[in-house]
Amino acid sequence: MFENDLLDKLSRVHPAVPVVIFLPGIAVLLVLAANLTSFWPILGMFAGGYAFWSLSEYWIHRVIFHFEPEAGLGARFHWIIHGVHHDHPNDPLRLVMPPSVSVPLSSLFCLGFYAVFGTPLWYAFGAGFLAGYLFYDMTHYHLHHHKPRTQVGKWLRELHMRHHFQDDTVGFGISAPYWDAAFGTSVKKARRRAFTGGPSTGE
């Protein structure tokens, strides 16, 4: 797919890779937190970290992944990080984020959490954030590569497939579609406006 063989290999990731990398990290952070603080602060910070991830998921997808320069290096960069997925949405090795991107980016976030919360609170917050990311990556893989059997899974898959094949200006929250409802980019609203002849969402 890429002219550079190394770039092509780095963009192809087995779905087990994020689990192997991030699950031990989440466990280590929780153990460190448990050794230094009590249950309720850990639970609260973990939940806060997950909530912060879900909001980050929405805005990263909407603002960064769908910022589409028309030409030049910016257009090529966009295609590499997200456009390739829209062009080849069922490639099973391009459904989770490559470690070359996810590891440095998550490390920067964790440094930020340390700077804001300090030790030990950042441990649980970082664990919640990374758990949210891992849940997102696995959800994204599942929605593309499998046919969900639960009602929630079917609903999430329908929302995401509409984002791919009907209107890519809506449906940015893959594992957390409630942010689309909060920010006016839900698939349902886009469909209603299409029927009523109103303006589209996602501006």
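All values below were derived from every heavy atom in this structure, side-chain atoms included, with hydrogens, water molecules and symmetry-related copies excluded.
- If you look at His61 and His140, their ring centroids are not closer than 6.0 Å.
- Here the NZ atom belonging to Lys154 is positioned 5.0 Å from the CD atom belonging to Gln151, to the nearest 0.5 angstrom.
- Considering only heavy atoms from C-beta on, Ile42 comes within 4.5 Å of Thr37 through its side chain.
- Between Phe46 and Leu30, some side-chain heavy-atom pair lies under the 4.5 Å cut-off.
- Under the ring-ring contact (aromatic ring centres under 6.0 Å, His included) criterion, Tyr136 pairs with Trp53, sequence neighbours left out.
- In summary, of the residues considered (His144, His142, Arg149), a side-chain hydrogen bond (donor to acceptor under 3.5 Å, both in side chains) with His146 occurs for His142 alone.
- The ring pair (Phe, Tyr, Trp, His ring centres under 6.0 Å) test with Trp59 is passed by exactly one of Phe52, Phe172, Trp179, Phe183: Phe183.
- When the shell of 6.0 Å around OH of Tyr114 is examined, it contains 12 or fewer heavy atoms from other residues, nucleotides or ligands.
- For the atom pair OG1 (Thr150) and CG (Leu156), the distance works out to 8.0 Å, reported to the nearest 0.5 Å.
- Under 3.5 Å, the side chains of Tyr133 and Asp137 contain a donor-acceptor pair of N or O atoms.
- Proximity of Val19 to Leu134: side-chain heavy atoms (C-beta onward) are separated by under 4.5 Å at one or more points.
- Taken together through direct or relayed side-chain contacts under 4.5 Å among Ile, Leu, Val, Met, Phe, Trp and Tyr, Val28 and Leu111 form parts of separate hydrophobic clusters.
- Residue Phe129 forms a ring pair (Phe, Tyr, Trp, His ring centres under 6.0 Å) with just one option from Phe109, Phe22, Phe135, Tyr123, and that option is Phe109.
- Under the 3.5 Å distance criterion, with hydrogens and angles disregarded, a donor-acceptor pair is assigned to the side chains of Thr185 and Tyr58.
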